[in-house]
S.K.: 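The structure's right below; bear with me while I get my questions together.
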Amino acid sequence: MFEVLVTGGAGYIGSHTCVSLLDAGFSVVIADDLSNSKFEAISRIRSITGNKVTFYPYDVTDEIELEKIFTRHSIRCVVHFAGKKAVGESVEMPLEYYRTNLLSTISLTRVMKRHNVKNIVFSSSATVYGNSKKVPYSETAPTGNCTNPYAWTKWMNERILTDVHRSDPDWSVILLRYFNPVGAHPSGQIGEDPLGIPNNLFPYVTQVAVGKLDRLPIFGSDYPTKDGTGVRDFIHVMDLAEGHVSAVRKCIQDYGVHAINLGSGKGYSVLEVLHAFEEATGKEIPHYFCPRREGDVAVSYASTKKAAQELRWRAQRDLREMCQDAWNWQKLNPLGY
(Lines give C-alpha, C1' and ligand atoms only; values in the text may rest on other atoms or scores of the structure.)
Protein backbone atom coordinates (compact mmCIF):
# COMPACT_ATOMS: atom_id res chain seq x y z
CA MET A 1 0.00 0.00 0.00
CA PHE A 2 1.08 3.61 -0.53
CA GLU A 3 1.85 6.41 1.94
CA VAL A 4 -0.90 8.68 3.26
CA LEU A 5 -0.06 11.98 4.96
CA VAL A 6 -2.41 12.73 7.86
CA THR A 7 -2.23 16.33 9.05
CA GLY A 8 -3.44 16.74 12.63
CA GLY A 9 -2.97 12.99 13.05
CA ALA A 10 -2.33 13.19 16.81
CA GLY A 11 -5.75 14.75 17.40
CA TYR A 12 -8.96 13.02 18.36
CA ILE A 13 -10.36 12.09 14.94
CA GLY A 14 -6.93 12.03 13.33
CA SER A 15 -5.51 9.42 15.72
CA HIS A 16 -8.45 7.06 15.25
CA THR A 17 -8.24 7.50 11.48
CA CYS A 18 -4.52 6.67 11.56
CA VAL A 19 -5.35 3.41 13.37
CA SER A 20 -7.98 2.50 10.77
CA LEU A 21 -5.66 3.39 7.87
CA LEU A 22 -2.86 1.27 9.35
CA ASP A 23 -5.26 -1.62 10.00
CA ALA A 24 -6.31 -1.36 6.34
CA GLY A 25 -2.69 -1.74 5.20
CA PHE A 26 -1.76 1.87 4.37
CA SER A 27 1.54 3.46 5.41
CA VAL A 28 0.92 6.57 7.50
CA VAL A 29 2.93 9.76 7.90
CA ILE A 30 1.67 12.21 10.53
CA ALA A 31 2.24 15.99 10.69
CA ASP A 32 0.99 17.66 13.88
CA ASP A 33 2.47 20.57 15.84
CA LEU A 34 0.87 19.20 19.04
CA SER A 35 -0.73 22.59 19.81
CA ASN A 36 -4.02 20.84 20.60
CA SER A 37 -2.86 17.24 21.06
CA LYS A 38 -0.17 15.17 22.76
CA PHE A 39 2.70 13.01 21.54
CA GLU A 40 1.42 10.14 23.68
CA ALA A 41 -1.32 9.66 21.08
CA ILE A 42 1.36 8.80 18.51
CA SER A 43 2.88 6.22 20.86
CA ARG A 44 -0.51 4.64 21.41
CA ILE A 45 -1.30 4.48 17.69
CA ARG A 46 1.91 2.47 17.35
CA SER A 47 0.95 0.30 20.35
CA ILE A 48 -2.57 -0.48 19.10
CA THR A 49 -1.56 -1.33 15.54
CA GLY A 50 1.95 -2.71 16.01
CA ASN A 51 2.91 -0.55 13.03
CA LYS A 52 5.61 2.02 12.62
CA VAL A 53 4.28 5.55 12.10
CA THR A 54 6.50 8.37 10.90
CA PHE A 55 5.78 11.53 12.87
CA TYR A 56 6.77 15.14 12.20
CA PRO A 57 6.00 17.81 14.85
CA TYR A 58 5.38 20.34 12.09
CA ASP A 59 3.02 23.30 11.76
CA VAL A 60 1.00 22.69 8.60
CA THR A 61 0.89 26.43 7.86
CA ASP A 62 4.69 26.29 7.31
CA GLU A 63 5.49 25.43 3.68
CA ILE A 64 9.20 24.96 4.39
CA GLU A 65 8.46 22.19 6.87
CA LEU A 66 5.86 20.60 4.62
CA GLU A 67 8.42 20.52 1.79
CA LYS A 68 10.62 18.25 3.91
CA ILE A 69 7.82 15.70 4.24
CA PHE A 70 6.98 15.59 0.54
CA THR A 71 10.69 15.40 -0.38
CA ARG A 72 11.34 12.47 2.00
CA HIS A 73 8.17 10.48 1.32
CA SER A 74 6.20 9.28 -1.69
CA ILE A 75 2.88 10.67 -0.50
CA ARG A 76 -0.01 9.72 -2.73
CA CYS A 77 -2.98 11.03 -0.73
CA VAL A 78 -3.44 13.56 2.08
CA VAL A 79 -6.08 13.44 4.82
CA HIS A 80 -6.26 17.00 6.15
CA PHE A 81 -7.47 17.42 9.74
CA ALA A 82 -5.10 20.10 11.03
CA GLY A 83 -6.84 23.19 12.32
CA LYS A 84 -8.70 24.78 15.20
CA LYS A 85 -12.11 23.26 15.91
CA ALA A 86 -14.15 24.82 18.75
CA VAL A 87 -17.29 26.72 17.73
CA GLY A 88 -17.49 28.86 20.87
CA GLU A 89 -13.79 29.71 20.84
CA SER A 90 -14.03 30.71 17.18
CA VAL A 91 -16.58 33.39 18.09
CA GLU A 92 -14.16 34.77 20.70
CA MET A 93 -11.01 34.41 18.55
CA PRO A 94 -12.06 34.78 14.91
CA LEU A 95 -8.70 36.00 13.59
CA GLU A 96 -6.86 32.99 15.01
CA TYR A 97 -9.36 30.65 13.36
CA TYR A 98 -9.24 32.34 9.96
CA ARG A 99 -5.45 32.48 10.00
CA THR A 100 -4.78 28.90 11.09
CA ASN A 101 -7.57 27.07 9.29
CA LEU A 102 -7.26 28.82 5.94
CA LEU A 103 -3.47 29.16 5.82
CA SER A 104 -2.95 25.48 6.65
CA THR A 105 -5.04 24.44 3.63
CA ILE A 106 -3.43 26.99 1.32
CA SER A 107 0.11 26.05 2.38
CA LEU A 108 -0.64 22.33 2.14
CA THR A 109 -2.17 22.47 -1.34
CA ARG A 110 0.63 24.69 -2.65
CA VAL A 111 3.21 22.12 -1.56
CA MET A 112 1.08 19.23 -2.85
CA LYS A 113 0.86 20.93 -6.24
CA ARG A 114 4.64 21.37 -6.42
CA HIS A 115 5.08 17.64 -5.77
CA ASN A 116 2.27 16.58 -8.12
CA VAL A 117 0.20 15.07 -5.30
CA LYS A 118 -3.41 15.81 -6.20
CA ASN A 119 -5.53 13.61 -3.93
CA ILE A 120 -6.93 15.14 -0.75
CA VAL A 121 -9.60 14.16 1.76
CA PHE A 122 -10.64 17.24 3.73
CA SER A 123 -12.07 17.24 7.23
CA SER A 124 -15.11 19.47 6.77
CA SER A 125 -18.18 19.82 8.94
CA ALA A 126 -21.96 19.83 8.98
CA THR A 127 -21.67 23.41 10.23
CA VAL A 128 -21.32 24.50 6.58
CA TYR A 129 -25.09 23.96 6.28
CA GLY A 130 -25.68 26.79 8.76
CA ASN A 131 -29.00 27.18 10.53
CA SER A 132 -30.95 25.28 7.91
CA LYS A 133 -34.51 24.41 8.88
CA LYS A 134 -34.70 21.38 6.60
CA VAL A 135 -33.38 18.17 8.14
CA PRO A 136 -31.87 15.73 7.52
CA TYR A 137 -29.12 17.72 5.82
CA SER A 138 -28.29 16.32 2.40
CA GLU A 139 -25.23 17.24 0.35
CA THR A 140 -27.46 19.16 -2.09
CA ALA A 141 -28.65 21.52 0.67
CA PRO A 142 -27.46 25.13 0.44
CA THR A 143 -24.22 25.92 2.27
CA GLY A 144 -22.66 29.19 3.34
CA ASN A 145 -25.27 30.55 5.74
CA CYS A 146 -22.82 29.86 8.55
CA THR A 147 -23.37 30.89 12.15
CA ASN A 148 -19.79 31.12 13.49
CA PRO A 149 -16.19 31.68 12.30
CA TYR A 150 -15.25 27.99 12.66
CA ALA A 151 -18.03 27.06 10.23
CA TRP A 152 -17.01 29.83 7.84
CA THR A 153 -13.44 28.47 7.75
CA LYS A 154 -14.77 25.05 6.78
CA TRP A 155 -16.96 26.58 4.09
CA MET A 156 -14.09 28.72 2.76
CA ASN A 157 -11.75 25.73 2.70
CA GLU A 158 -14.33 23.80 0.69
CA ARG A 159 -14.38 26.74 -1.72
CA ILE A 160 -10.57 26.83 -1.95
CA LEU A 161 -10.31 23.12 -2.72
CA THR A 162 -13.15 23.29 -5.23
CA ASP A 163 -11.39 26.12 -7.05
CA VAL A 164 -8.09 24.19 -7.00
CA HIS A 165 -9.85 21.36 -8.83
CA ARG A 166 -11.51 23.80 -11.21
CA SER A 167 -8.09 25.16 -12.16
CA ASP A 168 -6.70 21.62 -12.60
CA PRO A 169 -9.22 18.79 -13.20
CA ASP A 170 -6.60 16.16 -12.28
CA TRP A 171 -7.25 16.92 -8.61
CA SER A 172 -9.41 14.53 -6.61
CA VAL A 173 -11.05 16.26 -3.65
CA ILE A 174 -13.35 14.65 -1.10
CA LEU A 175 -15.05 16.96 1.38
CA LEU A 176 -16.21 14.92 4.36
CA ARG A 177 -18.89 16.85 6.23
CA TYR A 178 -19.17 15.13 9.54
CA PHE A 179 -21.51 15.64 12.35
CA ASN A 180 -20.63 14.97 16.04
CA PRO A 181 -17.86 12.40 16.57
CA VAL A 182 -17.94 10.71 19.99
CA GLY A 183 -16.66 7.60 21.73
CA ALA A 184 -13.17 6.13 21.58
CA HIS A 185 -11.16 3.16 20.34
CA PRO A 186 -12.49 0.02 22.11
CA SER A 187 -9.04 -0.59 23.64
CA GLY A 188 -9.41 2.64 25.65
CA GLN A 189 -5.87 3.61 24.61
CA ILE A 190 -6.87 6.62 22.49
CA GLY A 191 -9.82 8.96 22.87
CA GLU A 192 -10.90 12.58 23.11
CA ASP A 193 -8.59 14.60 25.37
CA PRO A 194 -9.48 18.29 25.08
CA LEU A 195 -7.22 20.93 26.58
CA GLY A 196 -8.90 22.76 29.46
CA ILE A 197 -12.68 22.74 29.85
CA PRO A 198 -14.28 20.61 27.09
CA ASN A 199 -16.29 22.36 24.38
CA ASN A 200 -18.14 19.20 23.35
CA LEU A 201 -20.85 17.22 25.13
CA PHE A 202 -19.32 13.76 25.47
CA PRO A 203 -15.93 14.67 27.01
CA TYR A 204 -17.74 16.99 29.42
CA VAL A 205 -20.10 14.16 30.45
CA THR A 206 -17.24 11.69 30.93
CA GLN A 207 -15.21 14.18 32.95
CA VAL A 208 -18.19 14.76 35.25
CA ALA A 209 -18.60 10.97 35.55
CA VAL A 210 -14.96 10.52 36.55
CA GLY A 211 -15.14 13.38 39.07
CA LYS A 212 -12.88 15.79 37.20
CA LEU A 213 -15.74 18.28 36.72
CA ASP A 214 -18.70 18.93 39.05
CA ARG A 215 -21.75 19.35 36.81
CA LEU A 216 -22.66 19.34 33.13
CA PRO A 217 -23.94 22.65 31.72
CA ILE A 218 -26.71 22.16 29.14
CA PHE A 219 -26.78 25.14 26.82
CA GLY A 220 -30.39 25.91 26.00
CA SER A 221 -33.61 24.36 27.30
CA ASP A 222 -36.01 26.25 25.02
CA TYR A 223 -35.15 24.95 21.56
CA PRO A 224 -38.12 23.86 19.41
CA THR A 225 -37.36 20.18 20.08
CA LYS A 226 -39.18 17.43 21.99
CA ASP A 227 -37.42 18.18 25.29
CA GLY A 228 -36.15 21.71 24.64
CA THR A 229 -32.49 20.71 24.26
CA GLY A 230 -30.48 20.74 21.04
CA VAL A 231 -30.63 17.69 18.77
CA ARG A 232 -27.47 16.39 17.13
CA ASP A 233 -26.30 13.51 14.99
CA PHE A 234 -23.69 11.65 17.06
CA ILE A 235 -21.37 9.24 15.26
CA HIS A 236 -18.90 6.83 16.82
CA VAL A 237 -15.37 7.99 16.07
CA MET A 238 -14.40 4.51 14.83
CA ASP A 239 -17.24 4.60 12.31
CA LEU A 240 -15.96 8.00 11.24
CA ALA A 241 -12.39 6.70 10.97
CA GLU A 242 -13.53 3.82 8.78
CA GLY A 243 -15.37 6.34 6.61
CA HIS A 244 -12.05 8.10 6.01
CA VAL A 245 -10.46 4.85 4.85
CA SER A 246 -13.29 4.44 2.32
CA ALA A 247 -12.78 8.07 1.26
CA VAL A 248 -9.04 7.55 0.67
CA ARG A 249 -9.80 4.55 -1.54
CA LYS A 250 -12.32 6.58 -3.55
CA CYS A 251 -9.99 9.58 -3.73
CA ILE A 252 -7.17 7.72 -5.48
CA GLN A 253 -9.51 6.15 -8.02
CA ASP A 254 -11.54 9.22 -8.91
CA TYR A 255 -11.36 12.82 -10.07
CA GLY A 256 -13.56 15.75 -9.20
CA VAL A 257 -14.96 17.26 -6.01
CA HIS A 258 -17.25 15.12 -3.88
CA ALA A 259 -19.00 16.45 -0.76
CA ILE A 260 -20.16 13.58 1.45
CA ASN A 261 -21.84 13.55 4.86
CA LEU A 262 -20.52 11.22 7.54
CA GLY A 263 -23.10 10.78 10.29
CA SER A 264 -25.37 8.18 11.84
CA GLY A 265 -28.45 9.66 10.20
CA LYS A 266 -30.20 9.90 13.59
CA GLY A 267 -30.80 12.86 15.87
CA TYR A 268 -30.41 12.63 19.66
CA SER A 269 -31.15 15.44 22.10
CA VAL A 270 -28.69 16.40 24.83
CA LEU A 271 -30.98 14.93 27.48
CA GLU A 272 -31.35 11.68 25.53
CA VAL A 273 -27.56 11.36 25.40
CA LEU A 274 -27.32 12.13 29.10
CA HIS A 275 -29.83 9.41 30.03
CA ALA A 276 -28.23 6.91 27.62
CA PHE A 277 -24.84 7.52 29.21
CA GLU A 278 -26.24 7.04 32.71
CA GLU A 279 -27.93 3.81 31.65
CA ALA A 280 -24.86 2.43 29.84
CA THR A 281 -22.40 3.22 32.61
CA GLY A 282 -24.42 3.30 35.84
CA LYS A 283 -22.99 6.78 36.57
CA GLU A 284 -25.29 9.65 37.53
CA ILE A 285 -24.46 12.94 35.80
CA PRO A 286 -25.37 16.11 37.74
CA HIS A 287 -26.37 18.85 35.33
CA TYR A 288 -27.90 22.31 35.06
CA PHE A 289 -29.40 24.47 32.33
CA CYS A 290 -27.93 27.73 31.08
CA PRO A 291 -28.54 30.07 28.11
CA ARG A 292 -27.97 28.97 24.53
CA ARG A 293 -24.48 29.39 23.11
CA GLU A 294 -24.05 31.88 20.29
CA GLY A 295 -23.71 30.06 16.97
CA ASP A 296 -25.50 26.85 17.98
CA VAL A 297 -28.40 25.52 15.90
CA ALA A 298 -31.48 23.70 17.20
CA VAL A 299 -31.46 20.48 15.15
CA SER A 300 -28.78 18.90 12.99
CA TYR A 301 -28.56 15.39 11.59
CA ALA A 302 -27.37 13.82 8.37
CA SER A 303 -28.75 12.23 5.29
CA THR A 304 -26.35 9.31 4.80
CA LYS A 305 -27.53 8.06 1.40
CA LYS A 306 -24.61 9.47 -0.56
CA ALA A 307 -22.01 7.92 1.77
CA ALA A 308 -23.70 4.54 1.36
CA GLN A 309 -23.75 4.88 -2.43
CA GLU A 310 -20.34 6.44 -3.13
CA LEU A 311 -18.22 5.16 -0.25
CA ARG A 312 -20.13 1.93 0.44
CA TRP A 313 -20.02 3.00 4.07
CA ARG A 314 -22.53 3.45 6.84
CA ALA A 315 -22.28 3.87 10.61
CA GLN A 316 -22.44 0.56 12.49
CA ARG A 317 -22.18 1.49 16.18
CA ASP A 318 -25.17 2.67 18.28
CA LEU A 319 -25.51 5.29 21.03
CA ARG A 320 -24.95 2.75 23.81
CA GLU A 321 -21.63 1.69 22.30
CA MET A 322 -20.65 5.36 21.91
CA CYS A 323 -21.33 5.89 25.62
CA GLN A 324 -19.56 2.71 26.74
CA ASP A 325 -16.41 3.39 24.72
CA ALA A 326 -16.26 7.06 25.75
CA TRP A 327 -16.55 6.02 29.40
CA ASN A 328 -13.98 3.22 29.01
CA TRP A 329 -11.45 5.73 27.64
CA GLN A 330 -12.09 8.25 30.44
CA LYS A 331 -12.08 5.58 33.14
CA LEU A 332 -8.70 4.21 31.99
CA ASN A 333 -7.32 7.73 31.43
CA PRO A 334 -8.93 9.97 34.09
CA LEU A 335 -6.46 12.77 33.40
CA GLY A 336 -6.26 12.19 29.65
CA TYR A 337 -2.97 11.25 28.01
Side-chain angles (χ1 to χ4, degrees), residues 13 16-17 20 79 81 85 87 120-148 150-159 161-162 165 172-183 200-202 223-227 229-251 254 256-270 272-273 276 295-322:
I13 304 170
H16 290 79
T17 298
S20 289
V79 183
F81 293 105
K85 62 175 188 176
V87 168
I120 185 167
V121 176
F122 175 62
S123 163
S124 192
S125 166
T127 58
V128 299
Y129 295 119
N131 199 1
S132 174
K133 299 294 189 291
K134 186 178 180 181
V135 290
Y137 295 161
S138 76
E139 293 83 354
T140 58
T143 62
N145 185 25
C146 300
T147 60
N148 55 76
Y150 163 76
W152 279 116
T153 66
K154 292 298 187 184
W155 183 85
M156 291 176 186
N157 275 325
E158 287 196 5
R159 186 72 259 160
L161 292 170
T162 300
H165 165 75
S172 177
V173 177
I174 298 187
L175 310 170
L176 294 181
R177 295 172 179 166
Y178 32 86
F179 284 66
N180 294 266
V182 298
N200 296 326
L201 176 61
F202 262 75
Y223 283 110
T225 60
K226 55 188 171 184
D227 60 22
T229 63
V231 170
R232 296 291 181 271
D233 183 329
F234 295 97
I235 174 174
H236 197 294
V237 68
M238 290 308 301
D239 280 327
L240 191 68
E242 290 159 9
H244 283 77
V245 175
S246 297
V248 167
R249 290 188 172 123
K250 178 179 174 62
C251 193
D254 214 338
V257 180
H258 305 274
I260 302 175
N261 290 336
L262 292 185
S264 68
K266 300 175 184 175
Y268 297 101
S269 75
V270 174
E272 283 179 315
V273 170
D296 278 352
V297 299
V299 179
S300 170
Y301 62 95
S303 165
T304 58
K305 292 178 182 177
K306 191 173 182 181
Q309 291 169 351
E310 297 199 10
L311 299 183
R312 294 181 173 81
W313 169 94
R314 65 174 68 250
Q316 302 294 326
R317 298 158 179 90
D318 62 16
L319 183 58
R320 183 176 182 83
E321 196 167 352
M322 298 176 208

S.K.: Within this structure, what is the CZ-CD distance for the pair Phe122 and Glu158, rounded to the nearest 0.5 Å?
M.R.: 7.0 Å
S.K.: Distance-only, no hydrogens or angles: does the Asp233 side chain make a donor-acceptor pair with backbone N or O of Phe179 under 3.5 Å?
M.R.: no
S.K.: Donor-acceptor pair, distance only, cut-off 3.5 Å: does the side chain of Ser172 make one with the backbone of Cys251?
M.R.: yes
S.K.: Within a strict 4.5 Å, meaning less than it, do heavy atoms of the Thr225 and Ser269 side chains meet?
M.R.: no
S.K.: Verify side chain to side chain contact (heavy atoms under 4.5 Å, CB included) between Asn180 and Leu201, making sure each step is shown before the conclusion.
M.R.: CA-CA 9 Å; Asn180 294 266; Leu201 176 61; over 6 Å; no
S.K.: Just wondering, do Ile13 and Tyr178 contact through their side chains at under 4.5 Å, heavy atoms?
M.R.: yes
S.K.: Taking all heavy atoms of Trp155 and all of Cys146, pick out the closest pair and write down the distance.
M.R.: CB-SG, 4.0 Å
S.K.: For Lys250 and Glu310: C-alpha separation, side-chain torsions, deciding distance, then whether salt bridge (Lys or Arg N to Asp or Glu O under 4.0 Å) applies.
M.R.: CA-CA 8 Å; Lys250 178 179 174 62; Glu310 297 199 10; 3.5 Å; yes
S.K.: Is there a side-chain contact between Leu319 and Met322, using heavy atoms and a 4.5 Å cut-off?
M.R.: yes
S.K.: For Ser125 and Tyr150, work out which heavy atoms get closest and say how close.
M.R.: CB-OH, 3.7 Å
S.K.: Could you grab the distance from atom NZ of Lys266 to atom OG1 of Thr304, nearest 0.5 Å is fine?
M.R.: 10.0 Å
S.K.: With no hydrogens and no angle check, is any side-chain donor or acceptor of Ser303 less than 3.5 Å from a backbone partner on Pro136?
M.R.: no
S.K.: Without swapping roles, check the side chain of Lys306 against the backbone of Thr140 for a donor-acceptor pair under 3.5 Å.
M.R.: no
S.K.: Would you mind reporting whether Leu262 and Leu311 have side-chain heavy atoms less than 4.5 Å apart?
M.R.: yes
S.K.: Would you say Ser20's side chain and Thr17's backbone share a donor-acceptor pair under 3.5 angstrom?
M.R.: no
S.K.: Is any side-chain heavy atom of Thr127 closer than 4.5 Å to one of Thr147?
M.R.: no
S.K.: Measure the spacing between NE2 of His244 and CG of Leu176 and express it to the nearest 0.5 Å.
M.R.: 5.0 Å
S.K.: Mind listing the closest non-hydrogen atom pair of Glu272 and Gly267 along with its distance?
M.R.: OE1-O, 4.1 Å
S.K.: When rounded to the nearest 0.5 angstrom, what is the spacing between CD1 in Ile235 and OG in Ser264?
M.R.: 7.0 Å
S.K.: Calculate, to the nearest 0.5 Å, the distance between atoms CD1 and OG belonging to Ile174 and Ser123 respectively.
M.R.: 13.5 Å
S.K.: Within the structure provided, determine whether Tyr129 and Ser300 are in side-chain contact (heavy-atom separation under 4.5 Å).
M.R.: no
S.K.: Can you tell me if Asn200 uses its side chain to pair, donor with acceptor, with the backbone of Phe202 under 3.5 Å?
M.R.: no
S.K.: How long is the span from the CG atom in Asp239 to the CH2 atom in Trp313, to the nearest 0.5 Å?
M.R.: 6.0 Å
S.K.: To check you understand the geometry: which heavy-atom pair defines the closest contact between Ala259 and Glu139, and what is its length?
M.R.: O-CG, 3.1 Å
S.K.: Has His165 got a side-chain atom pairing as donor or acceptor with Leu161's backbone, closer than 3.5 angstrom?
M.R.: no
S.K.: Kindly give the heavy-atom pair with the smallest separation between Val299 and Tyr137, and that separation in Å.
M.R.: O-OH, 3.2 Å
S.K.: Please walk me through it: do Glu242 and Arg317 pass side chain to side chain contact (heavy atoms under 4.5 Å, CB included)?
M.R.: CA-CA 12 Å; Glu242 290 159 9; Arg317 298 158 179 90; 3.0 Å; yes
